[in-house]
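Notes follow once the structure below has been shown.
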Amino acid sequence: MSSDDDSAILQEGLSGSSDQSMYLNNLAISLQARLKQQGALSDLDEAIELYRVVLPLCSLGQPGRSTTLNKLAISLHDRWRRRGSPSDLDEAIKLHAATLALLRDRFQQHGTLFELEDAIDLHRATLIFFPPHHALRSKYMNNFAVSLCDKLKQQCVLSNLDEAIEFYRAALALRPPGRSL
C-alpha cells in the first residue's frame, strides 16, 4: 500500500466511523510490525500520526481510549529511544499518566478487576520512564502501591500487600522528610 493510500485511509478516519478507527488502529499496528522488521522510522512516525487521529474518535468512556492512549505513549517512547527528542519522552509520560487516570476512574466506577489489572500493568511499565532519582518516581511508586492495595481489597492476596509495602517504602525513601508525595 502506498503512502497516498495510507493518506486516503487517514482522511476517511476523520469522518468518525467506529470502523474507521479500528482500521486506522490496525494500520498503525501493522506499520509498527514493519518497523520491527525493516527499521524504517517513517513507519513509526506514521503510526504515531494514526494513533493521534484515532484518539479523538474514541469517546471518553470508551474502553478503547485507554488502549489507544497507551499505544501512542509506547510509540512516542520508542521514537524517543531511537531519536532522543525530549518532547517525545515528555508526551509519552503525560499520556501514560492519562491512561492510568482513565483506568483508575473506570475501576472506581465499575469496580472490575480488568481495569485494575490493566492499571497495575501500566504502573509497572511506567516506572521505566523514571530513573531512580527522578522527581516524579516516588509519586508513581506511591500510586502503584495504592493500586496494589485496591487489588488486595478485591482478591485478598497477601503478595499484593507485600509488594505495596515495598513500593510505599521505596516512594518514601525517595522523598526528603517534610515533602508531600
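One-based numbering along the sequence shown. None of the values given here were measured: they were computed from a predicted structure.
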Contacts of Ser30 meeting side-chain hydrogen bond (donor to acceptor under 3.5 Å, both in side chains) (sequence neighbours excluded), chain-then-number -> none
Residues passing the side-chain hydrogen bond (donor to acceptor under 3.5 Å, both in side chains) test with Asn143, sequence neighbours excluded, are none
Could you pull out the closest heavy-atom pair between [X] and [Y], with the gap in Å?
X: Ala97; Y: Tyr140; result: CB-OH, 3.2 Å
X: Asn70; Y: His96; result: OD1-CE1, 3.0 Å
X: Thr99; Y: Ser66; result: CG2-O, 3.4 Å
X: Ala47; Y: Leu31; result: N-CD1, 4.1 Å
X: Ala171; Y: Asn142; result: CB-N, 3.9 Å
X: Ala40; Y: Leu35; result: O-CD1, 3.2 Å

Fill in: Residues Arg52, Glu91: salt bridge by 4.0 Å N-O rule
yes
Taking Arg124 first and then Glu163, would you say they form a salt bridge - that is, a charged N and a carboxylate O separated by under 4.0 Å? yes
Decide yes or no for [X] and [Y]: does some side-chain heavy atom of the first lie under 4.5 Å from some side-chain heavy atom of the second?
X: Tyr51; Y: Leu24; answer: no
X: Leu76; Y: Leu89; answer: no
X: Gln32; Y: Leu50; answer: no
X: Trp80; Y: Ser87; answer: no
X: Ile29; Y: Lys71; answer: yes

dist Ile120:CD1 -> Asp150:CG (nearest 0.5 Å) comes out at 8.0 Å
By salt bridge (charged side-chain N to carboxylate O under 4.0 Å, His left out), Asp90 pairs with (sequence neighbours left out) none
Sorted by chain and residue number, the salt bridge (charged side-chain N to carboxylate O under 4.0 Å, His left out) partners of Arg81 (sequence neighbours excluded) come out as Asp78
Quiz item: Are there more than 12 heavy atoms of other residues, nucleotides or ligands under 6.0 Å from atom CZ of Arg169?
Solution: no
Would a hydrophobic clustering, with Ile, Leu, Val, Met, Phe, Trp and Tyr connected at side-chain separations under 4.5 Å, put [X] with [Y]?
X: Leu127; Y: Leu148; value: yes
X: Leu55; Y: Ile48; value: yes
X: Leu41; Y: Leu72; value: yes

- prompt: Has the side chain of Arg137 got a donor or acceptor atom that lies under 3.5 Å from a matching backbone atom of Leu174?
  reply: no
Query raised in the report: Any sub-3.5 Å donor-acceptor pair from Arg79's side-chain atoms to Leu44's backbone N or O?
Result: no
For Leu161, the side chain to side chain contact (heavy atoms under 4.5 Å, CB included) test, sequence neighbours excluded, returns Leu152, Leu158, Ile165
Residue set satisfying ring pair (Phe, Tyr, Trp, His ring centres under 6.0 Å) with Phe144, at least two apart, ordered chain then number -> His123, Phe167
